[in-house]
Amino acid sequence: MSAEPLFGTAAQVLVIDDDEKFLELVGLTLREAGYEPLLAVSGSAGLEAARTERPALVLLDVHLPLVSGYEVCRLLRDEFGAALPIIFLSGERKQTYDRIAGLLLGADDYVSKPFAPDELLARVRGLIRRTAATPTGRTASLTAREREVLQLLAQGLTQREISESLVIAPKTCGKHIERILDKLSVHSRAQAIAVAYREELVTAVR
């Protein structure tokens, strides 16, 4: 199965890993699947490539020299928001808490090495397809109350503070947040806030 075209061309996938043999292997796997791989051996090189090419997805090794994968992920999120899918790759940090930490830092997925090429491609395809979907339908489906909750989230309020501000039960507030994440197709509150600012769903607080 070939890659679905993005903007009329083969989707570009940026792979950031300091293991050059691994880079070549993943690059070949992506190319055979119809993607255009962009390969970077360091975090700084990866960031430069992302700014220049704006890939459809990033495969990011957790353990990188000088600038860690976690820091690269944070910088990518700061610059591109939730619209850029990021998959963490790790051959060392494989425990459940490592995956949770990676997701909390803003990654969309976390894959442990070694992995089956078909599994990686399935995850890549799924995330690119999800992100390439027109966001209007997702954002337009937010209710007035959900937009209120999202605005307060963007202001940095906690779930309890939001429930007190809107005079609703904390559990009800939690349900609103869950629905917001689902409708915006994101995995964290930080990603939801990034999408909210990009789609102008909230007003920036000065």
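Since the structure is predicted, the reported quantities are computational estimates derived from the model, not experimental observations. Residues take their numbers from the sequence shown, with the count starting at 1.
- Under the 4.5 Å side-chain criterion, counting only non-hydrogen atoms from C-beta, Val58 is not in contact with Val15.
- Arg189 pairs by the side chain to side chain donor-acceptor pair (under 3.5 Å) definition with Gln159, not counting sequence neighbours.
- Distance CG/Leu103 to OG/Ser188: 9.0 Å, rounded to 0.5 Å.
- A distance of 11.5 Å separates CG in Leu89 from CG in Asp19, rounded to the nearest 0.5 Å.
- Applying the side chain to side chain donor-acceptor pair (under 3.5 Å) test to Asp118 and every residue at least two apart in sequence or in another chain returns nothing.
- Among residues two or more places apart in sequence or in another chain, the side chain to side chain donor-acceptor pair (under 3.5 Å) test is passed with Glu161 by Thr158.
- Side-chain atoms of Leu84 and Leu76, non-hydrogen and from C-beta on, do get closer than 4.5 Å to each other.
- Within 6.0 Å of atom CD in Glu119, more than 12 heavy atoms from other residues, nucleotides or ligands are found, so the atom counts as buried in its surroundings.
- From Cys73, atom SG reaches atom CD1 of Ile86 across 4.0 Å, with rounding to the nearest 0.5 Å.
- Among Leu181, Asp182, Val186, the one residue that satisfies the side-chain contact (heavy atoms from CB on, under 4.5 Å) test with Leu184 is Val186.
- From Leu23, atom CG reaches atom CG of Leu38 across 11.0 Å, with rounding to the nearest 0.5 Å.
- If you run side-chain contact (heavy atoms from CB on, under 4.5 Å) between Gln151 and each of Leu157, Val202, Leu201, only Val202 comes through.
- The distance from atom CG of Leu39 to atom CG of Asp17, rounded to the nearest 0.5 Å, is 10.0 Å.
- Annotation: side chain to side chain donor-acceptor pair (under 3.5 Å) contacts of Asp109 (sequence neighbours excluded): Arg123.
- Closest approach of Ala196 to Leu150, counting heavy atoms only: CB-CD2, 3.6 Å.
- Considering all non-hydrogen atoms of both residues, Ala56 and Pro85 come closest at O-CD, 3.0 Å.
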Verify side chain to side chain contact (heavy atoms under 4.5 Å, CB included) between Leu120 and Thr29, making sure each step is shown before the conclusion. CA-CA 9 Å; Leu120 181 66; Thr29 299; 5.7 Å; no
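- A pairwise comparison of heavy atoms in Ser90 and Val62 identifies CB-CG2, 3.9 Å as the closest pair.
- In this structure Ala194 satisfies the side chain to side chain contact (heavy atoms under 4.5 Å, CB included) test together with Ala82, sequence neighbours excluded.
- Each of Phe115 and Leu28 belongs to its own hydrophobic cluster when Ile, Leu, Val, Met, Phe, Trp and Tyr are linked at side-chain heavy-atom distances under 4.5 angstrom.
- Here the closest heavy-atom approach between residue Val67 and residue Leu64 is recorded as O-CB, 3.3 Å.
- Within the 4.5 Å cutoff, the side chain of Val111 has no heavy atoms near those of the Phe88 side chain.
- With sequence neighbours left out, Ala122 forms a side chain to side chain contact (heavy atoms under 4.5 Å, CB included) with no residue at all.
- Taking the side chain as every heavy atom from C-beta outward, Thr143 and Lys183 approach each other to under 4.5 Å.
- For the salt bridge (charged side-chain N to carboxylate O under 4.0 Å, His left out) condition, the pairs that include at least one residue of residues 56-77, sequence neighbours left out, are Asp61-Lys113, Glu71-Arg74, Arg74-Asp78, Arg77-Asp108.
- Ile177 is connected to Tyr197 through a chain of hydrophobic side-chain contacts under 4.5 Å among Ile, Leu, Val, Met, Phe, Trp and Tyr, so both are in one cluster.
- In this structure, the side chains of Arg125 and Tyr35 come closer than 4.5 Å at one or more pairs of heavy atoms.
- The CG atom of Leu30 sits 11.0 Å away from the CD atom of Glu36 when rounded to the nearest 0.5 Å.
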Please step through side chain to side chain contact (heavy atoms under 4.5 Å, CB included) for the pair Ile16 and Val41, ending with a clear verdict. CA-CA 6 Å; Ile16 308 174; Val41 295; over 6 Å; no
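- The shortest side-chain heavy-atom distance between Val124 and Leu59 falls under the 4.5 Å cut-off.
- Under the side chain to side chain contact (heavy atoms under 4.5 Å, CB included) criterion, Pro170 pairs with Arg160, Ser163, sequence neighbours left out.
- Residue pairs meeting the side-chain hydrogen bond (donor to acceptor under 3.5 Å, both in side chains) criterion with at least one partner in residues 45-55, sequence neighbours excluded, are Arg51-Glu79.
- The side-chain heavy atoms of Leu60 and Ile87, taken from C-beta on, include no pair separated by under 4.5 Å.
- For Leu166, the side chain to side chain contact (heavy atoms under 4.5 Å, CB included) partners two or more places apart in sequence, or in a different chain, are Arg145, Glu148, Val149, Leu152, Ile162, Ile168.
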